[in-house]
Amino acid sequence: MTKLDFIERYGQENEPYICASCGNCTLVCPVYSELKWESYGPRGKLHVVKSIIEGEGEFGKDFAHKIFLCNLCEHCTSVCTTGISLDRFWEVARAEVRERGLLPAPAQFVLKSVKERGDIMWMGSADRLLWMEGIDELVKDRILKKAKVAYFLGCNVSLKSQLHDVAQSMVKIMDYAGIDFTLLGEKEVCCGAPLSWAGNLKDINEMAEKNLSLIRELGVETVVFSCPSCIQTWSEYSKSVKEDKSIELLTASQFINRLIREKRLHFEEQPMITTTFHDPCISARVLKATEEPREIMDEIPGVYHVEMNPSRQNTRCCGAHGLLDVVDPVLSSRIAERRLRDVTVTPATRIVTECPRCILAFDLAKFTTGYEMLVQDITQLVEGALSPKEQGGGKDH
Amino acid sequence: MFREVIEMSNTDIETTITQTPEKATIIEMLKGVVGEERVSDSELERVVYSGDPAVLPQYHYRWKRKYLADYAVRVESEEEIEGILKIAREHNIPVVPRGGASSCMSSSSPSRGGISLDLKPMNKILEINKKGMFVRVEPGVTFEGLANSLDKENLTLGIYPSSAKSAVIGGWIACGGRGGIGTPFYGGLKDHILSLSVIGGDGEVKLLEGDDIDILLHSYGILGVIFEIKLKVHENVREYKSFSYGFRTTDELCNAMVEITKLEVKPIYLKIADDELQKFSNPLEIGKYVLSVTYVDTPSDIPLEDLKSITGKYDGVYISDEFSKKEWDLRYDAEFNPKEHTETLMFQEFWMPVEKVSKMLSKYESYRRSHRIPALWFGMLGSHNEMRLELMAMIDAAQYLKFISSKGILHKMMKRAIKLGGGPYTIGLQNSIYMSRAYPARLTEMQEAKKKWDPNGIMNPDRVTSCLTSFRRIDVLFLLATAFRRLSKYVGG
């Protein structure tokens with residue numbers, strides 16, 4: 001018998017035996033769909049872990065690499081007939097990989113960057129202000145202001161220039177709706193999600209707490225996110241969020257939908273936009289936030305929403321989640337291309353989503369496939385459709 | 001090791017596959033057929049491509065001679081299958097066809113190494129013919145995938161196994177396709193296959209139609225590899241209505257079930273289970289046993305008054321609409337749910353005449369009490385008068401004595417089933433020892449077909465027509481094990 005310390009420490013050693021090997025997970029796995037070998041799929045990996053525990057296999061570099069060829073997209077978890085939290089298992093398996101010194105170089109880089117720079121891209125706190133360029137008036141008094149609502153951008157939206165418009169759109173929507181909100185600005189640090197993806201489970205709470213202590217000091221009651229993984233991480237790994245239920249964590253679409261219901265947002269007729277919504281894995285399968293974006297699109301006149309197949313809880317991963325985009329960018333891109341093909345069989349000319357990783361993945365896949373479609377965050381679609389403020393926006397109108 | 005006793009003689013097969021040439025040469029040849037990307041001899045793939053749900057616990061495997069495949073090969077076309085089989089014949093290498101590997105009893109697990117032939121990549125729906133009401137598919141199409149495609153045309157196959165999400169059509173044919181959801185209403189897979197295209201172990205390509213198809217059902221890949229299937233389809237049905245009743249005794253439950261199966265209108269789905277199994281999916285609040293039955297939701301297809309009268313006669317109590325609907329919603333998962341709570345869910349599946357289910361259950365209930373085993377059970381009507389009965393025990397495999405004695409009880413139950421006119425539902429590697437007793441005529445038929453279709457004996461050896469151990473050996477082993485178990489009650493084991 002081989003001792004797998006981390007798997008035992010996190011109480012996961014029974015999972016390979018609980019697996020009934022039904023194979024449901026394999027067929028929905030985006031990595032298996034591309035690489036076709038069962039050892040890349042969840043059932044196969046569990047089978048290998050079992051053989052390692054039984055002393056009939058080795059936890060070698062090859063298997064360690066395969067543990068990282070995974071999007072942590074929760075699809076296997078959602079179809080598991082025996083209810084195994086497979087994604088939790090893969091995170092713990094990654095911790096085992098780290099413990100054994102077999103971490104892939106990109107994952108090592110992410111750990112180092114989060115620890116030393118507080119973000120995933122070896123940038124720095126000052127860079128977290130760059131997205132504000134051009135909307136200085138809207139944000140100048142917002143940073144670290146006491147308010148009931150906070151907007152948490154996350155590393156990608158803060159630091160990647162092609163996503164700055166997502167943040168700007170959200171700020172414009174909040175301003176339009178008359179929301180008193182705050183921003184953490186350069187004090188914002190990584191939510192901690194990449195730590196779990198790179199096998200460091202023990203420091204996530206500390207990372208989350210750096211943000212949360214600040215948020216609590218500001219008197220915030222609702223935190224709005226551009227990235228669903230941040231919500232998942234805090235919900236699962238932050239001790240204070242688990243204990244103190246007074247802080248509400250909302251996806252962008254959950255928040256915007258609320259603003260619409262409160263009649264704080266008003267739209268003008270759009271020139272026949274046909275959209276399809278890509279449900280980000282974590283939004284759909286973990287946060288169950290599938291209806292809000294659709295309800296928002298239904299509210300915007302001139303926007304015709306068509307469904308992609310598969311969608312909602314059965315959505316296909318964009319390929320970029322779980323560090324796959326850095327561990328194996330080619331594989332990640334192939335998965336994104338497959339998802340874009342789902343769009344091409346619909347009449348949609350615009351794919352709307354609410355996850356920065358999905359946007360980045362699709363933008364790249366558009367380039368590699370040559371598909372012509374606009375990729376947007378839900379906040380961009382909403383902000384672009386708001387009627388001029390003097391004609392009907394804001395709470396006071 | 002154990003291989004010395006072959007109850008059903010097949011010594012030709014024994015001698016032909018004992019020698020293998022240099023691995024390097026074989027793998028190059030395999031790559032020559034399917035390309036480098038679709039052949040692997042890595043340990044990881046060999047481990048993964050050698051198991052199915054029956055691998056639990058893993059030591060179950062050790063009595064097998066060589067339980068790891070030497071190569072895993074993914075095929076995508078008829079020509080590739082032909083090429084691989086040719087190499088296998090020329091070098092006496094066993095070939096184990098593999099579909100979704102969602103069946104049990106080690107149907108697609110090697111016993112002498114060889115090639116694990118993955119047919120999942122052959123997953124194209126070749127034709128949906130609405131006018132002719134048929135569909136042509138490759139063997140690796142999943143039931144769920146086919147259902148989704150047919151649904152767009154307002155068609156349905158109507159029948160599917162409870163593992164429909166991962167089970168592939170070729171695999172279910174090889175396992176018989178007798179009892180599944182929809183089969184009491186639409187008939188089994190046998191009634192749906194219009195033609196089968198197969199490559200025999202001898203390399204001959206055959207198109208089977210009519211009664212000739214029968215030989216491939218329950219053949220478990222020992223004759224050849226199916227590469228195309230033509231199936232009858234039906235107009236789609238979208239609405240179903242379910243009814244669940246609680247009963248106090250197994251006799252009352254089974255009497256009601258038998259009468260319901262005799263009604264003119266047949267259900268889409270009929271399930272029975274005990275409260276132990278229900279605990280893990282849809283806990284039972286009324287009675288100790290449940291009967292859930294689902295019909296197509298049209299007034300003419302629901303025998304509501306008959307259901308009321310039959311269940312009332314046997315003191316069955318209607319549970320609730322919500323409970324009944326949940327039973328239907330859980331049709332894929334109900335059998336699997338207990339597995340979530342145990343490392344080893346030991347089970348045996350029986351194919352029983354419905355009239356005899358009561359006798360099986362009363363015996364299993366008496367074993368539950370006398371041997372104190374954590375028993376649970378489940379049954380699904382397969383045809384209008386036969387049921388797939390699944391007897392389970394939640395046993396920790398680490399407790400060897402309990403584990404092996406519980407297997408012994410399931411072995412006794414199988415002997416009882418055979419006496420009552422039933423037999424094993426799935427054969428695979430593990431249940432081949434029962435072939436001569438449960439299905440002697442079929443065994444003779446399959447042995448003759450094996451000689452004709454696979455003279456080199458390369459196709460999925462050691463199951464159906466031959467086996468690695470003997471019934472007598474297993475019988476003695478389990479007799480001792482159950483005796484020790486009983487004894488352990490008195491010595492505190």
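Here is how names work: the chains are called A, B, and so on, in the same order as the sequence lines, proteins then strands, and each is numbered from 1.
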Using every non-hydrogen atom in the two residues, find where [X] and [Y] come nearest and quote the distance to one decimal.
{"X": "N24(A)", "Y": "S166(B)", "answer": "OD1-OG, 3.3 Å"}
{"X": "A20(A)", "Y": "F336(B)", "answer": "CB-CD2, 3.6 Å"}
{"X": "Y32(A)", "Y": "K120(B)", "answer": "OH-CE, 3.0 Å"}

Just verifying a value: how many Å separate [X] [atom1] and [Y] [atom2], rounded to the nearest 0.5 Å?
{"X": "T82(A)", "Y": "D333(B)", "atom1": "OG1", "atom2": "CG", "answer": "9.5 Å"}
{"X": "S51(A)", "Y": "E43(B)", "atom1": "OG", "atom2": "CD", "answer": "7.0 Å"}
{"X": "D118(B)", "Y": "W37(A)", "atom1": "CG", "atom2": "CH2", "answer": "7.5 Å"}

Legend entry - Under 4.5 Å from any heavy atom of chain B - which part of L46(A):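 Neither part, no heavy atoms under 4.5 Å.
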Legend entry - Student check: side-chain heavy atoms of L44(B) and D62(A) closer than 4.5 Å: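 Yes, close enough: below the 4.5 Å cut-off.
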Inset, instruction - Check whether any side-chain heavy atom of T142(B) sits under 4.5 Å from a side-chain heavy atom of L27(A), and report yes or no. - result: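 Of all side-chain heavy-atom pairs linking L27(A) with T142(B), at least one is under 4.5 Å.
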Inset, instruction - Kindly determine whether E38(A) and R74(B) satisfy side chain to side chain contact (heavy atoms under 4.5 Å, CB included), including the steps that lead there. - result: CA-CA 10 Å; E38(A) 276 214 34; R74(B) 294 172 8 226; over 6 Å; no
Inset, instruction - Count the heavy atoms of every other residue, nucleotide or ligand shown that sit under 6.0 Å from CD of E307(A), and state whether that count exceeds 12. - result: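 Correct, the count exceeds 12.
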Inset, instruction - Look at atom CD of E291(A) and say whether more than 12 heavy atoms of other residues, nucleotides or ligands are closer to it than 6.0 Å. - result: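 Yes, the 6.0 Å shell around CD holds more than 12 heavy atoms from other groups.
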Inset, instruction - Identify whether the distance between the nearest side-chain nitrogen and carboxylate oxygen of E45(B) and K66(A) falls below 4.0 Å. - result: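 A salt bridge is present here (some side-chain N lies under 4.0 Å from a carboxylate O).
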Legend entry - Salt bridge K36(A)-E37(B), side-chain N to carboxylate O under 4.0 Å: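 Answer for the salt bridge query: no.
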Legend entry - Per-residue contact mode, A72(B) against chain A (heavy atom under 4.5 angstrom):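 Contact with chain A is through both the backbone and side chain of A72(B).
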